Protein chains: 2
Amino acid sequence: MNPLTERLRGAGISPTRQRREIARALLARPVHMTAEQVLNAARVRAPEISRATVYNTLALFCAKGLLRELAVDRDRVVYDSGLHPHHHLIDIDSGEVRDLPAGPWPAIDPAQLPPGFELAGVEVIVRVRRR
Amino acid sequence: MNPLTERLRGAGISPTRQRREIARALLARPVHMTAEQVLNAARVRAPEISRATVYNTLALFCAKGLLRELAVDRDRVVYDSGLHPHHHLIDIDSGEVRDLPAGPWPAIDPAQLPPGFELAGVEVIVRVRRR
DNA sequence: GTTATTGCAAAGGCTTTGCATTACG
DNA sequence: CGTAATGCAAAGCCTTTGCAATAAC
């Protein structure tokens, strides 16, 4: 039926009304959104949704691999629904995030890691400012 | 005289007692420290130093280019006194930060940036976990 | 009917602010 | 002396938590 609902089910997540609205805002296409933006977007169709539910759901989606959390800087966190390997270009003044193809940087060779560690992820952030 | 004091002067920073203690903790060698760690370290020799002063001073040192602020994740920020180009390896469980040589990643070609933007910095974070 | 999910409001943690006091040149 | 820096406590912001009400299966 609804592909988003199926995606939630596939990830082992009960597709409640609130979660479906959050998924609609976030998972329909690759986007970068703050928690507040997600709340506002979800409230368009589900006005009663609470901050707590948004935060719970964002953490749940991250844990299930539907989202990535991206620490833009000390006080900006965005949730990224682009699942393909990619990096980020960030306007340091506005906080706007844009995707970069993962191409320019080689993958990490796991053998180069310190002994006893395994790779959990690589994050590349290119910060720019308007000239 | 004192090389750290001279460095502060060279950066256009009045070397007050508190700032000298913060510089001693942070700038004497390349380290990664949280604001709280800086406060504790500075209080060893300047017990009256306040959180507000530490935060003010960290922001000042960053603005003057003596430090870089590194957003490890949503709730971990460290200040990095390593000034040479380098990237970071982070234990996602402990938050421990280690430097990586900048080598494996080529420098960004400024011509590749979107028009109207200039490069402000590149951050590479390799996240690992204990196996 | 049970169990999971939600909403609310309060609590939390870290950072910033306002302002009087103190140190500095 | 005049300006800049500091300390304190309060305020802020975003996020999490506790718990009763609600919805899902």
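Numbered from 1 within each chain, the chains take letters A, B, ... in sequence-line order. On a predicted model such as this, the values are computed, not experimentally measured, just so you know. Just so it is clear, the values below take in all heavy atoms, side chains as well, and ignore hydrogens, waters and symmetry mates.
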Once base and sugar-phosphate atoms are separated, protein heavy atoms under 4.0 Å mark nucleotides 4-21 of chain C, 5' to 3', with B, S and - as -SSBB-----SSBB----

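To the nearest angstrom, C1' of dA4(D) lies 15 Å from CG of Leu8(B). Atoms CZ (Arg76(B)) and C1' (dC14(D)) sit 18 Å apart, rounded to a whole Å.
In this structure Glu123(B) satisfies the salt bridge (Lys or Arg N to Asp or Glu O under 4.0 Å) test together with Arg127(A), sequence neighbours excluded.
Side-chain contact check for Ile49(B) versus Arg17(B): every heavy-atom pair is 4.5 Å or farther apart. Counting heavy atoms from C-beta on, the side chains of Leu26(B) and Leu58(B) come closer than 4.5 Å.
For the pairing with Asp91(A), the salt bridge (Lys or Arg N to Asp or Glu O under 4.0 Å) check across Arg129(A), Arg130(A), Arg98(A) returns one residue only, Arg130(A).
Minimum heavy-atom separation, Leu27(B) to Ser81(B): CD2-CB, 4.1 Å.
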